[in-house]
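We name chains A, B, ... by the order of the sequence lines, and we start the count at 1 in each one. Computation of the quantities below employed the complete heavy-atom set of this structure, encompassing side-chain atoms and omitting hydrogens, waters and symmetry-equivalent molecules.
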There are 2 protein chains.
Amino acid sequence: MKSKAPQFKTRNLQQSRREILNAAFGEVFSKGFQGVSIDDILKKTTLTKGAFYHQFPTKLDLGYALVDEVIKPMIIDRWIAPLEKYENPLDGILVQMKTLIGGCEPAHLRLGCPLNNLVQEMSPIDKGFHKRLQIALNLWIDEMDKHLKRAKKSGFLKADVKTKQVAHFIVMSHEGFYGMLKGLDDPKIFTALYESMKRYFTTIES
Amino acid sequence: MKSKAPQFKTRNLQQSRREILNAAFGEVFSKGFQGVSIDDILKKTTLTKGAFYHQFPTKLDLGYALVDEVIKPMIIDRWIAPLEKYENPLDGILVQMKTLIGGCEPAHLRLGCPLNNLVQEMSPIDKGFHKRLQIALNLWIDEMDKHLKRAKKSGFLKADVKTKQVAHFIVMSHEGFYGMLKGLDDPKIFTALYESMKRYFTTIES
DNA sequence: ATGACAACATACTATATAGTATGTTAAATT
DNA sequence: AATTTAACATACTATATAGTATGTTGTCAT
């Protein structure tokens, strides 16, 4: 009988995996994948090396899991799902930009974007990373494209606008915003970039 | 008397410095600063560890020299100086984009932009890097701004356009372009981004 | 209740790497 | 020409780190 109440488990594979992934995300986010050690990650955890290598065959596999199990859902959660609430997706895009980038504390902004960081650092030097990061980027672009197609159907976009092209430019701008703010470390720059983005939007709006 | 012909020197401080910096640039460009070792760099060189530490007190100092002595001049050389030939700087900006990014071989494109790579990797984790990279970025932006001010005076830009804001957006786009192409590894994307950039330009042109 | 195995912990190893200590030679100075 | 010193080369050290080997315990099926 499975009528027993779900007792407190001191050992739980999936829960431990999340704990490691969460700690790894923070460490990799702030120090880079090559700059962080497995011991660093485990220090931010209640677990030890045995648990780590029970979950991940190698450090690279942890990195891959970070992309698939943390970053990809985060993209959907932060940049795609919120757009559904907006009749005009373009409004949603600007609001999310202002909220998640413009409204971000400087200390956090300095760390950049988790996806962009990994793309810049790992894409050229490891094929496994490159493949997974490419999939994550294309997920972002494709989902953005869907919303733009919806916008086009609703008449918010000019008829001749190529939505995929716009999606590419929007995602590129997100990455560029993060990179720029990371390098210049001046939150005021966001306003300049945001205003330019709005200017661009006027060229595709009907 | 200094009439002696400049004989072949087997030892030359500045020449050795250049040799190390050039090798380091290539290695750091392709593997990242944290991902490359001093031994890796020296292997691409006719020199050894003695020469290295005679020039640079530490690995970080090599990184700093890379920014100041290699990357900064490269920005001026590739993105700023060429604009002087153009009556309308906006034309020059698009031509340079098409030449240096669009016309870049895929294998090389996959490595991204040397400045952007270092910004993403090192800005958050080392103050010395952050300071120097910020100076390099602002150099790029300020010089771009000068050309835009010239464009404005010549009547190529609308009177209400804030040139500094545009300069920020243009430099951000360069970084974004590189980052995007690096992550997606599809040169065809450049066209999409380039077209969007031209669209943006129509909003500031008079 | 009790084996059996999964889910860990601990101790260890092999290697890579930044930096150092010291030796050597070219070349300018006198 | 002799001396000195800058510009290197070579050999070594200390440490960090990915990965392994092995030991221990919680949990579940029977």
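When every heavy atom of A/I20 is checked against every heavy atom of A/L62, the shortest pair comes out as CG2-CD1, 4.3 Å.
Here the C1' atom of nucleotide C/dA6 and the CD atom of A/Q14 are 14 Å apart, to the nearest Å. Taking atom CD1 of A/I41 as the reference point, atom C1' of D/dG19 lies 14 Å away to the nearest angstrom. Here the C1' atom of nucleotide C/dC8 and the CZ atom of A/F56 are 14 Å apart, to the nearest Å. To the nearest angstrom, C1' of C/dA6 lies 11 Å from CD of A/Q55. Between the CG atom of B/N12 and the P atom of D/dA9 there is a distance of 13 Å, rounded to whole Å. Atom C1' of nucleotide D/dC8 and atom CZ of B/R11 are separated by 4 Å, given to the nearest angstrom. When rounded to the nearest whole Å, the span between OH of A/Y53 and P of C/dA11 equals 18 Å. Atom CD in B/Q15 sits roughly 16 Å away from atom P in C/dA26 (whole-Å rounding).
Remark: B/H54 is not in phosphate contact with D/dC8, judged by side-chain N or O atoms under 4.0 Å from OP1 or OP2. For the pair A/T58 and D/dG19, the criterion of a side-chain N or O lying under 4.0 Å from OP1 or OP2 is met. One finds a side-chain N or O of B/S16 lying less than 4.0 angstrom from the OP1 or OP2 phosphate oxygen of D/dC8. Between A/T10 and C/dA7, a side-chain N or O to OP1/OP2 separation shorter than 4.0 Å is absent.
Using the six-membered ring where Trp is involved, B/Y200 and B/F169 have ring planes that are tilted, between 30° and 60° apart.
Side-chain contact check for A/T163 and A/K149: at least one donor-acceptor pair (N or O, by modelled atom type) lies under 3.5 Å. Using modelled atom types and a 3.5 Å distance limit, the side chains of B/T46 and B/E19 yield a donor-acceptor pair. If you check the side chains of B/D61 and B/T58, you find no donor sitting under 3.5 Å from an acceptor. A donor-acceptor contact closer than 3.5 angstrom is absent between the side chains of A/K182 and B/S123.
Remark: A/K162 NZ is loosely packed, at most 12 non-hydrogen atoms of other residues, nucleotides or ligands lying under 6.0 Å away.
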Filtered N/O pairs between nucleotides 15-17 of chain C and protein, under 3.5 Å:
none

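Taking the side chain as every heavy atom from C-beta outward, A/L60 and A/F129 approach each other to under 4.5 Å.
Looking at B/L115, B/I101, B/N116 one by one, the single match for side-chain contact (heavy atoms from CB on, under 4.5 Å) with B/H174 turns out to be B/I101.
Within the model, atoms NE2 of B/H108 and CG of B/L181 stand 13.5 Å from one another, a figure rounded to the nearest 0.5 Å.
Checked against C/dT10, D/dA9, C/dA7, the side chain of A/T48 finds its nearest nucleotide in C/dT10. Of the candidates D/dC8, D/dG26, D/dG19, D/dC8 carries the atom nearest the B/A51 side chain, counting heavy atoms from C-beta on. Of all nucleotides listed (D/dA9, C/dT25, C/dC8), C/dC8 comes nearest to the side chain of A/L47.
Each end of the helix from C/dA1-D/dT30 to C/dT30-D/dA1 gets its own axis from five base pairs, and the two axes differ in direction by 10°, given to 10 degrees.
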